[in-house]
Amino acid sequence: MLFNLKINNIIKSVPKHVNASLFVDDFAIYAEGKHLQHLERTIQLGINNVQKWVSESGFRFTVSKTTCVHFHRQRIYTEPALHLDGQPIPVKDEAKFLGVVFDSKLNIPAHVGIQGNENVDKQAKAALNRASCSGKLICWSDLKPKINAFINSVWQKNWDAEGANKLLEVLLNLGEDLHRRGEGAGKKRETAMCRLRVGHTWLTQSYLLKNEQQPFCYACDSLYTVRHILIECPDFQDTRRKYFSVTDLYRLFREVNPSRIVGVYGNI
């Protein structure tokens, strides 16, 4: 009775972020989380606090009777490294507490000890120990940049193969953001810039809505396009020179202020 009264105080030494269970002399502490290193520090802090209380109270833990079980469902993993009184705590696949066997894979007790399940577990563990498996953990955040880079490279390769695409001259690299040049200019001007970049303006595309023939520049014997108006047509050369002097769309949408580009188009 006196032992039970004394040992009950061991619960008070467990940090509040660590769970604990006690029945007579069977004692267990545990914690849950997604990151093993954080859990190791958390549990080790709980062990240190409990060990300090045990030493001051005249009790003693036996390392050989102490077991660590890492509960998880991961295929590739590392085991925690915990110490009690300076000695490593053995990590096992299962442990018995209050008569119940707790398996590291969270199998219910009825499944533990069945030969078929045991064989499957052995084969799975053997596969993880093959030479082709490094056993090293890779964080998803380390893979994300590689995956994004690969996807972007595939998109860029397909984009470069679009030989007849009129947007290629405006945007060579898909990762480039041209909209930054229109910041602070207002929604109306940014909308006009967007239409100029893609080549869909009222002057060049309204014939589709009106069910008319596509507008034609008789002086140049060429169809009206944004490129023709802003870069090629000699009839608009004097107007263009008042605003900019670039000779291709790539430089136009990078070096010239959006207000000047819209100004040219508005004066034609």
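Treat the numbers as computed from the prediction; the structure is a model and nothing was measured.
- Pro80 approaches Leu36 most closely through the heavy-atom pair CB-CD1, 4.1 Å.
- Here the closest heavy-atom approach between residue Asn49 and residue Pro15 is recorded as ND2-CG, 3.2 Å.
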Go through the steps for Ile261 and Tyr243 under the test side chain to side chain contact (heavy atoms under 4.5 Å, CB included), then give the verdict.
CA-CA 7 Å; Ile261 301 175; Tyr243 293 91; over 6 Å; no

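- Of all heavy-atom pairs between Ser259 and Arg189, the closest is CB-NH1, 3.3 Å.
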Glu190/Arg197 under salt bridge (charged side-chain N to carboxylate O under 4.0 Å, His left out): CA gap, chis, key distance, verdict:
CA-CA 11 Å; Glu190 181 56 30; Arg197 294 187 195 104; 3.5 Å; yes

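- A distance of 10.0 Å separates OG1 of Thr191 from NZ of Lys188, quoted to the nearest 0.5 Å.
- Side-chain contact between Gln205 and Arg195: absent, with no pair of heavy atoms (C-beta onward) separated by less than 4.5 Å.
- Annotation: side chain of Leu84 is in contact with side chain of Gln51 (closest heavy-atom distance under 4.5 Å).
- The stretch residues 195-221 participates, sequence neighbours left out, in these ring pair (Phe, Tyr, Trp, His ring centres under 6.0 Å) pairs: Phe216-Tyr218.
- One finds the CG atom of Asp26 at 10.5 Å from the OG atom of Ser21 (value rounded to the nearest 0.5 Å).
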Checking Tyr30 against Phe71 for the side chain to side chain contact (heavy atoms under 4.5 Å, CB included) test, could you report, in this order, the C-alpha distance in whole Å, the side-chain angles of both residues, the deciding distance, and whether it holds?
CA-CA 10 Å; Tyr30 49 95; Phe71 298 102; over 6 Å; no

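- Between the Glu40 side chain and the Ala81 main chain, a donor and an acceptor come within less than 3.5 Å of each other.
- Side-chain contact check for Glu255 versus Phe244: every heavy-atom pair is 4.5 Å or farther apart.
- Hydrophobic clustering keeps Leu223 apart from Leu209 (ILVMFWY residues linked when any side-chain heavy atoms are closer than 4.5 Å, directly or through intermediates).
- Following chains of ILVMFWY side-chain contacts shorter than 4.5 Å, one can reach Tyr224 starting from Val226, so the two form part of one hydrophobic cluster.
- Of all the heavy atoms in Asn19 and Ala31, the pair that sits closest is ND2-CA, 4.5 Å.
- For residues 146-159, the pairs satisfying side-chain hydrogen bond (donor to acceptor under 3.5 Å, both in side chains) are Gln156-Asp160, with sequence neighbours left out.
- In this structure the side chain of Cys68 never reaches within 4.5 angstrom of the side chain of Lys92, judged on heavy atoms.
- Looking at Leu252 and Thr247, their side chains never come closer than 4.5 Å, going by heavy atoms from C-beta outward.
- The aromatic rings of Phe27 and Phe61 sit parallel, their planes meeting at an angle under 30°, below the 60° perpendicular limit.
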Could you tabulate the donor-acceptor pairs under 3.5 Å formed by side-chain atoms of residues 229-242, not counting sequence neighbours?
unit_1	atom_1	unit_2	atom_2	d
Glu232	OE1	His228	ND1	3.4
Glu232	OE2	Arg227	NE	2.8
Arg240	NE	Leu230	O	3.4
Arg240	NH1	Ile229	O	3.0
Arg240	NH1	Cys233	O	2.8
Arg240	NH2	Ile231	O	3.2
Arg240	NH2	Cys233	O	3.0

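- Residues Ile10 and Val50 have side chains in contact (heavy-atom distance under 4.5 Å, counting atoms from C-beta outward).
- Residues Ile89 and His83 have side chains not in contact (no heavy-atom distance under 4.5 Å, counting atoms from C-beta outward).
- The CD atom of Glu32 lies 8.5 Å from the CG atom of Leu39; values are rounded to the nearest 0.5 Å.
- Residue Glu212 places its CD atom among more than 12 non-hydrogen atoms of other residues, nucleotides or ligands, all under 6.0 Å distant.
- The shortest non-hydrogen separation linking Ala20 to Ile29 is CB-CG2, 4.0 Å.
- Heavy atoms of other residues, nucleotides or ligands lying less than 6.0 angstrom from NE2 of His17 number more than 12.
- Between Leu172 and Tyr250, the closest side-chain pair of non-hydrogen atoms falls below 4.5 Å.
- Put simply, Val54 and Ile11 are part of the same group of oily side chains (I, L, V, M, F, W, Y) that touch within less than 4.5 Å, one to the next.
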Test Leu171 against Asn173 for side chain to side chain contact (heavy atoms under 4.5 Å, CB included), laying out the working first.
CA-CA 6 Å; Leu171 186 64; Asn173 300 314; 5.7 Å; no

Trace of the side chain to side chain contact (heavy atoms under 4.5 Å, CB included) decision for Val14 with Trp53:
CA-CA 9 Å; Val14 180; Trp53 181 90; over 6 Å; no

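- What you find for Ile43 and Leu82 is that their closest heavy atoms are CG2-CD1, 3.6 Å.
- Taken to the nearest 0.5 Å, the OG1 atom of Thr62 stands 10.5 Å off from the CG atom of Asp85.
- Enclosure of atom NE2 in His38 is not indicated, since only 12 or fewer non-hydrogen atoms of other residues, nucleotides or ligands lie within 6.0 angstrom.
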